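Worksheet for the structure shown next.
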Amino acid sequence: MITAPIFQDLVFVGGGHTHALVLRKWAMNPLPGVRITLISPQAMTPYSGMLPGLIAGHYCFEQTHIDLVQLSLWAKIRFIQDKVTAIDIDKKMLTLARRPAIAFDVVSIDIGATPNNSIPGAAEYSTAVKPISQFYSAWQGLKQKAIDKQIHSLAVVGGGAGGLEIMMSIADQIQPVHPTLKYHLITRSDDILPGYNRKLVQEVKQQVQKYKIQLHSATQVNRISQGQIHCQDQESIPADAIILCTQAKGSDWLKASKLKCDEAGFIKVRQTLQALGCDHVFAAGDIAQMVSHPRPKAGVYAVRQAPILFRNLRAILLKEPLKEYIPQDGFLSLLALGEKKGTGSKSIFSFSGDWVWRWKDSIDRKFMDQFHDLPAMSMDTAMPSVNPSLIDPSESLNEHNPLKRCSGCGAKVGSNVLEKVVNELQGEGHYQPQDAVRISNQAEIIYQSVDAIKSPIQDPFLFGQIAVSHALSDLYAMNLKPDSAQVLITLPHASQKVQARELKMLMQGVFKQLKALDCRFLGGHTSEAAELSVGLVVNGLAQKNTSLFCKGGLKSGDKLVLSKPLGTGVIMAASMLDQCSGLVFNAALEFMLKANDLASRLLSTLNVSACTDITGFGLLGHLYEMCLASHCAASLKLDALPILPGAEALSLLNIKSSLYSQNQAALQSIQWTQAIEKHPRFALLFDPQTSGGLLAGIPSRVFEQLGDDFHQLFTVIGQVSTLDQASSQISFE
């Protein structure tokens, strides 16, 4: 895929309905020169319209959630799973909870609402419906307690549409298994569903009576304590479980910023969806409060805002006029009544019945199908042109076409970019370029290895950590202690501003992992090309009172053990083909980030026969190297191989990494039976691993004495045997 140089960073904070629709639309009509980043604390974002059906058991979890990781992989955008905790609108920086801050040129915020715990005791003794992503997991616990009859009364505070749908869905789910559970619905209004027409209200009340829900209208909740709801001028209401579905509020970090917010903490926006007084900040969905045309918080407005937000984000980047969003005065409202029955209204008209639920179900499924059935994307075969409006005037005279950019030393990243990043991360004045560095002042023997990988992910911060773990595995495989490292970085073509941001995020990841593994950073070199890649020259020292591991020490009877599951190659290949779920992708990331230091330390205490790390040649290729060096044979247990979640299923779809064929061809001299070749895990033997695990041979007498700490980290996958000329170098049990 040919990509254009990057000149502007557009960041989406939150994976709400509006953002999900905009990202889908943007992916199908991208703006070359703009990089998209999505930040969300959740990888799976719920669709609020289907929450009642999820609680009632009409839908499963996957049907009601948008997989933001999968959406991002499909859209070829950067996804960061983290929570924003602050925004600096002057410096255009976002502070994150678990990783370094990131910069933006334009930002859009769609994070929904947060619980309003203004009622004393609400935070400690109740469960808030919003944010929905947190409520569902809490509901799972409450449901189990109800099934086990550990709770005898349940209350929902809030008599709006959300509270009623939640209450009736819970009653529909729980009454068959706990028929004596008492239900309380509490509203401070004189009646339920304020603003809805009387016919619809009466229909809902009939359903409330059917479920034997006790309605407490005109009831002001003053305080919540353990098992009690204390009301103004009334006796308290007993409730073992309390669910809060009242008006929520905006996030505290928004109120602490320079953004103009209303009393509840929602961002005040103009008709263009821009924050008041801040052109480069946009907001949509529940977090946005329209100043000129205020409307209640409802998903229908979030959906209708998407086309305007999409157009205006492009317009602000291209310095074009923006379009105003004018919300409609009314909308079709469809409510789920617990069982597969619904009611709805539009203006003065209302209607009820099973057909209304089916209608609502059809609308909801159609909305979610946009994200569950993502269309195939065509690959660009020509260099996309960048609109000159995206390029900063200070760089307008530079050559930005990658096909015309210089190679050789002309492809180096500018010294001003390097100086800025190094000084910012290491301290002012730290950037003092040298032609060479001294590795050690001591007379110790230095062992050196080099490795390089192209980034398989969009996030340079995580990639920096993965690249370090991947390179240091060569040292850990020899029982060496990492001492120091140099890096060779290739940055994608971009403006100086964007390259500095990319380099900073990458080096933050590199520094974090090097520090965690007690390895010094010595320096490095940079260049630019089409894609991000990192190479590391790593230096290691022999550890005292331990011997080095080698590939050639396997002996007959040794147990073969592996420290990490297989499958990163097929999963990364699937992600490029838009066939990988977020859950599977994140599991692979978790293991790629994991270094082999603990595995190496455990092996160093044993009389290890031989060891290597599993990387590009796949398990079988690296095991074959060990067998050749040791003049032995090995047998593997295919069913015992540790496999990453989802990897086997993807392999059965005939998805393979680009290096798979070469790995298989390298071992074509070994004959496999048809039964082995048809085994669902056979193809994974040739799967190249990024930051794979350690493969070691443990003498059988040592293995018998190993404890749980070893078996929790290592999996036995086979055994070493004597090489018989009549047998294959590698066989299967």
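These figures come from a predicted structure and were not determined experimentally. The figures that follow rest on heavy atoms only: side chains count, while hydrogens, waters and symmetry mates do not.
Remark: Y447 pairs with no residue by the ring-ring contact (aromatic ring centres under 6.0 Å, His included) rule, at least two apart or across chains. K83 meets the side chain to side chain donor-acceptor pair (under 3.5 Å) test with no other residue; sequence neighbours excluded. For L641, the side chain to side chain contact (heavy atoms under 4.5 Å, CB included) test picks out L566, L619, L638, I643, R681, L685, I717, with sequence neighbours left out.
For the residue pair A683 and Y660, the shortest heavy atom distance occurs at O-CE1, 3.2 Å. Residues S72 and L68 approach most closely at OG-O, 2.7 Å, considering heavy atoms. Residues I457 and F463 approach most closely at CD1-N, 3.7 Å, considering heavy atoms. For the residue pair M93 and A101, the shortest heavy atom distance occurs at CE-CB, 3.8 Å. The minimum heavy-atom distance between L562 and P642, with the atom names listed, is CD2-CG, 3.9 Å. Shortest non-hydrogen contact noted between L309 and A284 is CD2-CB, 4.1 Å.
Here the CD atom belonging to E531 is positioned 13.0 Å from the CG atom belonging to L491, to the nearest 0.5 angstrom. Taken to the nearest 0.5 Å, the CD atom of Q448 stands 9.5 Å off from the CG atom of L475. Summarising the geometry, atom CG belonging to L322 is positioned 4.0 Å from atom CG belonging to N312; distances are rounded to the nearest 0.5 Å. Rounding to the nearest 0.5 Å places SG of C278 at 7.0 Å from CD1 of I87. In this structure, CZ on R24 lies 12.5 Å from CG on N29, to the nearest 0.5 angstrom. I614 CD1 to S563 OG: the interatomic distance, rounded to the nearest 0.5 Å, is 8.5 Å.
Counting heavy atoms of neighbouring residues, nucleotides and ligands inside a 6.0 Å radius, atom CG of L583 does not exceed 12 of them. Around atom CZ of F617, no more than 12 heavy atoms belonging to other residues, nucleotides or ligands sit under 6.0 Å away. Under a cut-off of 6.0 angstrom, the local environment of NZ in K91 is sparse, with at most 12 non-hydrogen atoms contributed by other residues, nucleotides or ligands.
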Requested in this report: Quick one: do V450 and V538 satisfy side chain to side chain contact (heavy atoms under 4.5 Å, CB included)? Show the steps, please.
Outcome: CA-CA 6 Å; V450 62; V538 292; over 6 Å; no

Requested in this report: Take V487 and F521 through the test side chain to side chain contact (heavy atoms under 4.5 Å, CB included) and record every step on the way to the result.
Outcome: CA-CA 8 Å; V487 297; F521 173 72; 3.8 Å; yes

Requested in this report: Apply side chain to side chain contact (heavy atoms under 4.5 Å, CB included) to the pair I571 and F591, showing each step before the final yes or no.
Outcome: CA-CA 12 Å; I571 289 173; F591 278 98; over 6 Å; no

Query raised in the report: Can M626 and L695 be said to form a side chain to side chain contact (heavy atoms under 4.5 Å, CB included), step by step?
Result: CA-CA 10 Å; M626 294 178 76; L695 173 65; 3.8 Å; yes

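Taking 4.0 Å as the cut-off between side-chain N and carboxylate O, R35 and E502 count as a salt-bridged pair. Taking the charged nitrogens against the carboxylate oxygens, D459 and R99 do have a contact shorter than 4.0 Å, which makes a salt bridge. Between K92 and D88 there is no salt bridge, since none of the side-chain N atoms of the basic residue sits less than 4.0 Å from a carboxylate O of the acidic one.
Partner of M572 under the side chain to side chain contact (heavy atoms under 4.5 Å, CB included) criterion, chosen from S658, P456, P688: P456. Shown are H493, K504, E528; of these, the side-chain hydrogen bond (donor to acceptor under 3.5 Å, both in side chains) with Q499 is made only by E528.
Side chains of P482 and Y476 form a contact here, defined as non-hydrogen atoms less than 4.5 Å apart. For the pair F12 and S40, the minimum side-chain heavy-atom distance is 4.5 Å or more. By the 4.5 Å heavy-atom criterion applied to side chains, S389 and L317 are not counted as neighbours. Looking at W26 and V34, their side chains come closer than 4.5 Å, going by heavy atoms from C-beta outward. When side chains are defined from C-beta on, S495 does not count as touching I391, because their heavy atoms never get closer than 4.5 Å. Using a 4.5 Å heavy-atom cutoff, the side chains of V13 and L38 are not in contact. Annotation: side chain of L23 is in contact with side chain of I77 (closest heavy-atom distance under 4.5 Å). Within the 4.5 Å cutoff, side-chain heavy atoms of K481 are placed close to those of D518.
For residues 575-591, the side chain to side chain donor-acceptor pair (under 3.5 Å) pairs, not counting sequence neighbours, are K76-D578, Q81-N586.
N479 and Q543 are linked by a side-chain donor-acceptor pair at a separation below 3.5 angstrom, with hydrogens and angles left out of the test. Side-chain contact, Q689 with T615: no donor N or O sits under 3.5 Å from an acceptor N or O.
Of the possible donor and acceptor atoms, none in the side chain of D483 sits under 3.5 Å from a partner among the backbone N and O of G540. Within the 3.5 Å criterion, the main-chain N or O of G15 finds a donor-acceptor partner in the side chain of T45.
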Exercise answer: donor-acceptor pairs, residues 102-111 side-chain atoms, under 3.5 Å, sequence neighbours excluded:
unit_1: D105; atom_1: OD1; unit_2: K497; atom_2: NZ; d: 2.9
unit_1: D105; atom_1: OD1; unit_2: R501; atom_2: NH2; d: 3.1
unit_1: D105; atom_1: OD2; unit_2: D9; atom_2: N; d: 2.7
unit_1: D105; atom_1: OD2; unit_2: K497; atom_2: NZ; d: 3.3
unit_1: D105; atom_1: OD2; unit_2: R501; atom_2: NH1; d: 2.9
unit_1: S108; atom_1: OG; unit_2: H19; atom_2: NE2; d: 2.8
unit_1: D110; atom_1: OD2; unit_2: T18; atom_2: N; d: 3.3
unit_1: D110; atom_1: OD2; unit_2: H19; atom_2: N; d: 3.1

Compile the donor-acceptor pairs under 3.5 Å between side chains in residues 464-474 and protein atoms, sequence neighbours left out, one pair per line.
unit_1: Q465; atom_1: NE2; unit_2: F461; atom_2: O; d: 3.4
unit_1: S469; atom_1: OG; unit_2: Q465; atom_2: O; d: 3.3
unit_1: S469; atom_1: OG; unit_2: Q513; atom_2: NE2; d: 2.6
unit_1: S469; atom_1: OG; unit_2: L593; atom_2: O; d: 3.3
unit_1: H470; atom_1: ND1; unit_2: S691; atom_2: N; d: 2.8
unit_1: H470; atom_1: NE2; unit_2: D451; atom_2: OD2; d: 3.4
unit_1: S473; atom_1: OG; unit_2: S469; atom_2: O; d: 3.0
unit_1: S473; atom_1: OG; unit_2: N596; atom_2: ND2; d: 2.8
unit_1: D474; atom_1: OD2; unit_2: S449; atom_2: OG; d: 2.9

